[in-house]
Participant: 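Mind looking over this structure? Questions follow.
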Amino acid sequence: MTDTIAGAPVQAPPVRPRRAGAGTRLLRVYRTEIAIAAAIVLIELVVSLWSPQALSFGNLANVAQASAPLILVSLGVFLVIATSGIDLSVGSTFSLTGMVAGLGLSAGLSWPVACLASLGVGIGVGAINGALVTFVGLAPFVVTLVTFAVGASLAFVVTDGHSIAILDPDFWRLNGGTLVPGVVNYVLFCIAGVALLEFALRKLVLGRWVYAIGSNAKAARLLGIPVDAVRFGVYVASGLFASFSSLMSLSYISNSEATSGANLMLQAIAACVIGGASLFGGTGSAIGAMLGAVMITVIQNGVNLIGINSFWQGSVTGLVILVAVLIDRFTKARA
């Protein structure tokens, strides 16, 4: 558009598009997560119609406590899924590392030393998964299925299938202590894990590498991204998260069981899918994985409060996963 001044054309200044505000950008980036949070609130409100105690402080604290181990495991699983991989071994890693910590404590080791030994086993399992997937070139499904079976077996072997009671009087502090006044450790660790991981994925080059590998590993390699190193790292991180989650759970229940992580693998993958992650990689967020884990726990808690047979929990969770996948597919088809 031009005007004329004394017969000479004058170019009008270009109209600059208005930048979206910070709130608008957050809504755009985290619309899936906001929808999940709203669904969690809606579920709690519906359950409270049958059981008013659903919204009580005590019950909400129980939900937070129960969801903490699943949140931590889901964060590690999400990293693997974001790179288009899969980790089926987290459940048995959870069980095995818990038994290792239990054995260490029963042998007289201080709880920090026993925890370090447990974390070392978790890192070792993750390193085995990562090495076989990245450097040997085996399929992630096959590799982690093998380590799942081996880990589940070793969890029984190391203790002949017996549970181990935790007698250390200070071990409970790992879960129920307060490093930050007013914030219980299990809440602190979950918030810190989600915040640090989300920051790394959104703001650091490493996070962009994770999404790039999940979207197209061949293109990422051509761009100079260290694909093998990143893939190896996310499997190690997954093993570390599973081990730390086991320690948190062990600190709370004070008893180590060889089958403690039996259902955790499916729940962690479900939490990531519900939270917006695609099993083909390249999408999702740490916040979404956390909210997915909370939703699963809220559903399980609601089923118990309403008085529905606990055998239906799996069916209800499966239905929620199906709905989440269908919504994701529908929204992407319209995009």
Side-chain angles (χ1 to χ4, degrees), residues 71-94 96-97 119-151 193-194 196-246 261 264-266 268-273 275-290 292-293:
I71 289 173
L72 293 171
V73 173
S74 298
L75 292 178
V77 171
F78 166 69
L79 282 175
V80 176
I81 290 178
T83 59
S84 72
I86 195 72
D87 190 353
L88 304 178
S89 67
V90 289
S92 62
T93 302
F94 183 97
L96 176 61
T97 54
L119 294 174
V121 172
I123 291 173
V125 174
I128 292 172
N129 287 335
L132 292 176
V133 169
T134 57
F135 305 127
V136 181
L138 299 179
F141 182 90
V142 174
V143 170
T144 57
L145 184 63
V146 170
T147 50
F148 162 77
V150 173
V194 172
L196 290 174
L197 192 56
E198 188 68 13
F199 176 80
L201 289 170
R202 298 290 181 182
K203 300 297 183 181
L204 301 184
V205 173
L206 180 60
R208 290 193 285 271
W209 286 353
V210 168
Y211 287 122
I213 293 170
S215 298
N216 192 322
K218 291 182 179 179
R221 199 181 298 274
L222 292 174
L223 290 172
I225 295 174
V227 175
D228 290 343
V230 173
R231 277 182 170 165
F232 178 81
V234 297
Y235 281 99
V236 171
S238 182
L240 178 61
F241 271 111
S243 177
F244 186 70
S245 172
S246 179
L264 205 56
M265 173 261 290
L266 291 176
I269 295 174
C272 295
V273 173
S278 170
L279 292 178
F280 295 102
T283 61
S285 69
I287 295 175
M290 175 196 70

Participant: State which residues pass side chain to side chain contact (heavy atoms under 4.5 Å, CB included) with Leu196; sequence neighbours excluded, sorted by chain then number.
Facilitator: none
Participant: Between atom CD1 of Ile86 and atom CE of Met265, what is the distance when rounded to the nearest 0.5 Å?
Facilitator: 8.5 Å
Participant: Do any side-chain atoms of residues 134-151 form donor-acceptor pairs under 3.5 angstrom with protein atoms, and if so which ones, sequence neighbours left out?
Facilitator:
from: Thr134; atom 1: OG1; to: Gly130; atom 2: O; distance (Å): 2.5
from: Thr144; atom 1: OG1; to: Leu88; atom 2: N; distance (Å): 3.2
from: Thr144; atom 1: OG1; to: Pro140; atom 2: O; distance (Å): 2.7
from: Thr147; atom 1: OG1; to: Asn129; atom 2: OD1; distance (Å): 2.8
from: Thr147; atom 1: OG1; to: Val143; atom 2: O; distance (Å): 3.2
from: Thr147; atom 1: OG1; to: Thr144; atom 2: O; distance (Å): 3.1

Participant: Restricting to pairs with a member in residues 201-220, which pass ring-ring contact (aromatic ring centres under 6.0 Å, His included), not counting sequence neighbours?
Facilitator: none
Participant: Would you give me the side-chain donor-acceptor pairs under 3.5 Å for residues 219-245, sequence neighbours excluded?
Facilitator:
from: Ser238; atom 1: OG; to: Asp87; atom 2: OD2; distance (Å): 2.7
from: Ser243; atom 1: OG; to: Ser118; atom 2: O; distance (Å): 2.9
from: Ser243; atom 1: OG; to: Ser118; atom 2: OG; distance (Å): 3.3
from: Ser243; atom 1: OG; to: Leu119; atom 2: N; distance (Å): 3.4
from: Ser245; atom 1: OG; to: Pro69; atom 2: O; distance (Å): 2.7

Participant: Can you see which heavy atom on Ala293 is nearest to which on Ile71, and at what distance?
Facilitator: CB-CG1, 3.7 Å
Participant: For residues Ala271 and Ala289, report the shortest heavy-atom separation together with the two atoms involved.
Facilitator: CB-O, 3.9 Å
Participant: Extract all donor-acceptor atom pairs below 3.5 Å that involve side chains of residues 73-84 and protein atoms in other chains or at least two apart in sequence.
Facilitator:
from: Ser74; atom 1: OG; to: Leu70; atom 2: O; distance (Å): 2.7
from: Thr83; atom 1: OG1; to: Val80; atom 2: O; distance (Å): 2.7

Participant: Would you say that Arg208 contacts Leu204 through its side chain, given a criterion of any heavy-atom pair below 4.5 Å between the two side chains?
Facilitator: no
Participant: Arg202: what forms a salt bridge (Lys or Arg N to Asp or Glu O under 4.0 Å) with it, not counting sequence neighbours?
Facilitator: Glu198
Participant: Show the atom names and distances, to 0.1 Å, of all donor-acceptor pairs under 3.5 Å that link a side chain in residues 120-128 to residues at least two apart or in another chain.
Facilitator:
none

